[in-house]
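Notes to accompany the following structure.
We're numbering straight along the sequence, starting at 1.
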Amino acid sequence: TATNANPSFTSSPIEDIGHPENYYYDANATDANGDTLTYGIATDCGYIDINPVNGVVSGNVLLNGVWYVHISVSDSYSVIWQNYTLTSPNYAPYFTSDPITNWPNNTGYLYDVNAVDPEGEPLYYDLFGDIVALGLCTIDHDTGEITGLPHLIGDFSANVSVSDGTTTVWQNWFLHIYTKTPVFDT
């Protein structure tokens with residue numbers, strides 16, 4: 001009677017992926033007895049599945065997260081497992097514009113805040129600080145455009161946040177509102 005040799009994995013999983021991105025890992029195994037191998041998967045990642053015949057793990061990872069993946073291979077006599085963690089990190093958005101920090105009073109202020117999310121996720125902008133509390137400026141939460149008609153003189157805190165739904169980053173400055181020097185016709 002011949003003894004069964006357990007199958008063994010000969011490939012290493014791909015453990016990091018962006019999002020949204022197609023995931024592809026060709027899980028390979030061998031069996032010393034030449035038995036037919038069948039692959040299976042157990043995972044909390046609903047984005048991926050396995051082909052039971054060739055061991056190809058594939059799917060479209062849509063969101064960031066961390067998932068446990070357990071791939072099995074069986075020769076009908078024994079089952080072995082390859083366990084790993086699949087990670088799709090969230091990359092923080094970042095600002096691509098610099099604030100306008102000096103502005104004459106009683107003139108229309110406009111600062112178009114620009115930011116980029118590396119994964120292309122939608123961004124939400126918000127505005128805090130003295131310029132909001134004193135009613136000097138408001139922000140369009142979808143576009144990041146800050147507008148207002150600052151009528152006070154002085155230095156006022158301005159704090160803009162941008163969020164991709166997971167990570168929030170800040171841009172902070174003081175808006176210096178100064179008296180506009182009048183021009184007289186002679």
Practice problem: Let me see the working for V132 and T138 under side chain to side chain contact (heavy atoms under 4.5 Å, CB included), right down to the final yes or no. | Solution: CA-CA 6 Å; V132 174; T138 60; over 6 Å; no

Practice problem: For the pair I146 and L127, evaluate side chain to side chain contact (heavy atoms under 4.5 Å, CB included) and give the outcome as yes or no after the intermediate values. | Solution: CA-CA 8 Å; I146 298 174; L127 181 63; 3.9 Å; yes

Quiz item: Taking it one step at a time, do W67 and T85 satisfy side chain to side chain contact (heavy atoms under 4.5 Å, CB included)?
Solution: CA-CA 6 Å; W67 302 279; T85 303; over 6 Å; no

Exercise. Take I177 and L152 through the side chain to side chain contact (heavy atoms under 4.5 Å, CB included) test and state the conclusion after the steps.
Key: CA-CA 7 Å; I177 306 296; L152 302 175; 5.8 Å; no

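For H141 and Y124, the side-chain atoms include at least one donor-acceptor pair closer than 3.5 Å. There is no side-chain donor-acceptor pair under 3.5 Å between D126 and S161. For the residue pair D155 / H176, a side-chain donor-acceptor distance below 3.5 Å is found, with atom types taken as modelled. No hydrogens or angles considered: a donor-acceptor pair under 3.5 Å links the side chains of N90 and D164. Between N4 and D75, the side chains place a donor N or O and an acceptor N or O closer than 3.5 Å (distance only, hydrogens not considered).
The shortest distance between side-chain heavy atoms of Y109 and T147 does not fall below 4.5 Å. Contact check for D16 versus I14: no side-chain heavy atoms found under the 4.5 Å cut-off. Side-chain contact between V69 and Y25: absent, with no pair of heavy atoms (C-beta onward) separated by less than 4.5 Å. Using a 4.5 Å heavy-atom threshold, the side chains of N64 and T166 count as touching. Side-chain contact between I17 and T87: absent, with no pair of heavy atoms (C-beta onward) separated by less than 4.5 Å. For the pair H70 and N83, the minimum side-chain heavy-atom distance is below 4.5 Å. Within the 4.5 Å cutoff, the side chain of I50 has heavy atoms near those of the I71 side chain. Residues S8 and T30 are in side-chain contact: their nearest non-hydrogen atoms beyond the backbone lie under 4.5 Å apart.
A pairwise comparison of heavy atoms in N6 and S78 identifies OD1-OG, 2.7 Å as the closest pair. Closest approach of Y178 and N102 over heavy atoms only: CE2-C, 4.0 Å. Taking all atoms of both residues into account, the shortest heavy-atom contact from A32 to A5 is CB-CB, 3.8 Å. When all heavy atoms are compared, the tightest approach of A29 to L37 is O-CD1, 3.5 Å. Looking at every heavy atom in both residues, L63 comes nearest to V61 through O-CG1, 3.5 Å. Pairing each heavy atom of V79 with each of S72, the nearest pair is CG1-CB, 3.8 Å.
Put simply, the side chain of T43 gets close to the backbone of Y68: a donor and an acceptor are under 3.5 Å apart. The backbone N or O of L175 lies less than 3.5 Å from no partner atom in the side chain of T101, so there is not a single donor-acceptor pair. A donor-acceptor pair is defined here as one N or O able to donate and one able to accept, closer than 3.5 Å; no such pair exists between the side chain of S163 and the backbone of T168. Using modelled atom types, no side-chain atom of D140 and backbone atom of G144 make a donor-acceptor pair closer than 3.5 Å.
A single hydrophobic cluster is seen to contain both L134 and I100, as judged by linkage of ILVMFWY side chains at heavy-atom distances under 4.5 Å, directly or through other members. The cluster map of Ile, Leu, Val, Met, Phe, Trp and Tyr, joined by side-chain heavy atoms under 4.5 Å apart, puts W173 and F95 in the same cluster. Cluster membership for V73 and Y24, using ILVMFWY side-chain heavy atoms within less than 4.5 angstrom, is not shared. Under the 4.5 Å side-chain heavy-atom criterion for Ile, Leu, Val, Met, Phe, Trp and Tyr, I80 and V57 are members of the same hydrophobic cluster.
Taking CD1 of I48 as the reference point, atom OH of Y23 lies at 6.0 Å (rounded to 0.5 Å). To the nearest 0.5 Å, the span separating CG on L136 from CG on L149 amounts to 9.5 Å. Separation of atoms OG1 (T3) and CG (N33) is listed at 7.0 Å; rounding is to 0.5 Å.
The ring pair (Phe, Tyr, Trp, His ring centres under 6.0 Å) test applied to F156 returns no partner, not counting sequence neighbours. Residues meeting the ring pair (Phe, Tyr, Trp, His ring centres under 6.0 Å) test with W170, sequence neighbours left out: F128.
Between Y39 and F9, the ring-plane angle classifies as tilted under the 30° and 60° cut-offs.
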Quick one: side chains of residues 111-120, donor-acceptor pairs under 3.5 Å with protein atoms, not counting sequence neighbours, listed by atom name and distance.
| from | atom 1 | to | atom 2 | distance (Å) |
| --- | --- | --- | --- | --- |
| Y111 | OH | S97 | O | 3.4 |
| Y111 | OH | S97 | OG | 2.9 |
| Y111 | OH | Q171 | OE1 | 2.7 |
| N114 | ND2 | D112 | O | 3.2 |
| D117 | OD2 | E119 | N | 3.1 |
| D117 | OD2 | G120 | N | 3.2 |
| D117 | OD2 | E121 | N | 2.9 |
| E119 | OE2 | Y91 | N | 2.7 |

